Amino acid sequence: MTPAFELEGETATTHHTNSANNGANDNQIGFKSRVSVIGSGSWGSVAAKLVAFNTLNLSSFHDEVKMWVFEETLQSGKKLTDAINRTNENVKYLPGIKLGKNVIGDPDLDNAVKGANIMVFVTPHQFIDNICKSLVGKVRSDAEAISLIKGMEVKIEGPCLISTYISEQLGINCSVLMGANLASEIAEEKFSEATVGYGKNREIAEQWVQLFTTPYFMVTPVQDVEGVELCGTLKNVVAIAAGFVDGLDMGNNTKAAIIRFGLREMREFCKLLFSSVKDDTFFESCGVADVITTCFGGRNRKVAEAFAKNGGKRSFDELEAEMLQGQKLQGVPTAREVYEVLRHRGLLELFPLFATVHEICSGCLPPSAIVIYSEKKPRLPV
């Protein structure tokens, strides 16, 4: 497949597009790629900031980066999109951080992706189904996508990765970017790294690396879409477990043990679903590094800690609404999805940490049960 965007200084070429894609004149010399970021939470805003920095410096891109905003009315009575475009900040989800004057918020999803051949998906995974259905027939057939979304779709026929779902729904290739990426720290330009998971086309991977890399954000490509994406998804379940440990003041030794058990179950779950997953992937930023940072920071650990301190008497929905100001937890729904996959396959006993996290989240077990599971030993061959 010809890449949808080219390295700096090279002439871009594109594929045949249908009438809905408005790409009839893209074969002309001098064509510049257009980037659309679908999502505007804290991580979506940071992604737009990273990409916008590079589109200004890469001659093969239009400067402007469209960012789809799920419209909200702020306490001031003003619309979030208007505030973003007026102040060049996401005043609700990333206040005090300039996104780049070339980032343009747009509450109209269709308009935000119009003409874009580079699509960055970064929304809570609960919303991706409706987003994709809304975009069917409206996306360029030559577009390249990348998913920064943690989670999976669980269907009757089995689990489906978000990148796969995007590809199937929109008919475009989709890579993934995951890693030890707390949005607030990257926004402040503290050094961080991430992993791009790609399929067969190394050139596409290298160009995603180029689009996201900045002096403070290092990106490494790995030919393992499934492994990279599942690591980014499953680490939130482990973070929930770590939050329970913190909330019960069980100490650092217990937390370290939970993290190790979690990494083991992550690896086994990945291998169970995709035998092609590479062991080396777990040593990339998307693997052990992401687990560590998420278990010591981030919203999943934070809310799970509060849940445990309250003895499980306040629901995650209540705590999420109170503590996250409109942002969404990923660990709780992911734990449920993982549980359903394992229950359907009769493998719950082989993944006691994952099973216990869901059973605590759903109120079937008290938070203190997080340490009971360690008496069981997974029997799944490694």
Side-chain angles (χ1 to χ4, degrees), residues 41-43 124-126 150-152 180-185 231-266 268-269 288-343 348-378:
S42 58
W43 187 210
H125 85 276
Q126 299 96 313
K150 283 82 173 178
M152 67 176 77
N181 305 144
L182 296 182
S184 60
E185 295 183 8
C231 280
T233 295
L234 297 172
K235 56 95 180 193
N236 285 323
V237 181
V238 184
I240 294 287
F244 294 153
V245 170
D246 288 342
L248 296 171
D249 198 24
M250 291 180 171
N252 291 326
N253 292 339
T254 303
K255 189 170 182 177
I258 290 295
I259 291 173
R260 187 181 73 82
F261 297 151
L263 278 166
R264 181 174 63 190
E265 291 194 15
M266 283 174 57
E268 292 172 353
F269 188 84
V288 62
D290 198 5
V291 173
I292 291 171
T293 197
T294 310
C295 287
F296 283 89
R299 69 189 75 157
N300 290 280
R301 188 218 62 81
K302 178 181 177 181
V303 178
E305 179 182 27
F307 180 88
K309 284 183 175 180
N310 284 278
K313 295 178 181 179
R314 298 184 66 191
S315 71
F316 272 99
D317 287 342
E318 181 183 356
L319 292 168
E320 176 187 79
E322 177 184 302
M323 300 175 68
L324 300 186
Q325 300 180 333
Q327 292 183 306
K328 295 295 182 182
L329 288 174
Q330 298 301 309
V332 175
T334 300
R336 180 179 63 250
E337 291 157 353
V338 169
Y339 189 91
E340 287 303 312
V341 171
L342 296 174
R343 184 183 62 80
L348 285 172
E349 290 188 359
L350 305 184
F351 293 85
L353 179 63
F354 286 171
T356 299
V357 168
H358 170 68
E359 289 167 359
I360 293 173
C361 292
S362 60
C364 297
L365 291 174
S368 58
I370 195 63
V371 296
I372 297 174
Y373 105 97
S374 62
E375 298 173 2
K376 307 173 185 177
K377 293 185 179 180

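What you are looking at is a predicted structure, and each value in this text was computed from that prediction instead of being measured.
Atom CG of Leu329 and atom CG of Leu324 lie 5.0 Å apart (nearest 0.5 Å). Going from atom CZ of Phe351 over to atom OG1 of Thr356 covers 13.0 Å, rounded to the nearest 0.5 Å.
Among all heavy-atom pairs drawn from Ala241 and Val357, the shortest one is CB-CG2, 3.8 Å. Contact detail for Arg314 and Phe307: the closest heavy-atom pair is O-CD1, 3.2 Å. The two atoms that bring Ala242 and Lys255 nearest to each other are CB-CE, 3.9 Å, heavy atoms only.
Considering only residues two or more places apart in sequence or on other chains, Thr294 meets the side-chain hydrogen bond (donor to acceptor under 3.5 Å, both in side chains) condition with Lys235, Asp290. Partners of Arg336 under the side-chain hydrogen bond (donor to acceptor under 3.5 Å, both in side chains) rule, at least two apart in sequence or in another chain, do not exist in this structure. Residues meeting the side-chain hydrogen bond (donor to acceptor under 3.5 Å, both in side chains) test with Glu340, sequence neighbours left out: Arg343. For Glu337, the side-chain hydrogen bond (donor to acceptor under 3.5 Å, both in side chains) criterion is met by His125, not counting sequence neighbours.
Side-chain atoms of Val341 and Phe269, non-hydrogen and from C-beta on, do get closer than 4.5 Å to each other.
Between Met266 and the choices Val238, Val237, Thr233, the side-chain contact (heavy atoms from CB on, under 4.5 Å) rule is met once, by Val238.
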Distance-only check: which donor-acceptor pairs under 3.5 Å involve side-chain atoms of residues 358-370, not counting sequence neighbours?
residue: Glu359; atom: OE2; partner: Tyr339; partner atom: OH; Å: 3.0
residue: Ser362; atom: OG; partner: His358; partner atom: O; Å: 2.9
residue: Ser362; atom: OG; partner: Glu359; partner atom: O; Å: 3.3

Between side-chain atoms of residues 296-303 and protein atoms elsewhere (two or more places apart, or another chain), which donor-acceptor pairs fall under 3.5 Å?
residue: Arg299; atom: NH1; partner: Lys328; partner atom: O; Å: 3.0
residue: Arg299; atom: NH2; partner: Ser42; partner atom: OG; Å: 3.4
residue: Asn300; atom: OD1; partner: Gln330; partner atom: N; Å: 3.3
residue: Asn300; atom: OD1; partner: Gly331; partner atom: N; Å: 2.7
residue: Asn300; atom: ND2; partner: Asn236; partner atom: OD1; Å: 3.1
residue: Arg301; atom: NH1; partner: Asp246; partner atom: OD2; Å: 2.9
residue: Arg301; atom: NH1; partner: Glu305; partner atom: OE1; Å: 3.0
residue: Arg301; atom: NH2; partner: Glu305; partner atom: OE1; Å: 3.2

ask   = What's the verdict on side chain to side chain contact (heavy atoms under 4.5 Å, CB included) for Glu268 and Phe354, showing C-alpha distance, side-chain angles and the deciding distance?
value = CA-CA 11 Å; Glu268 292 172 353; Phe354 286 171; over 6 Å; no

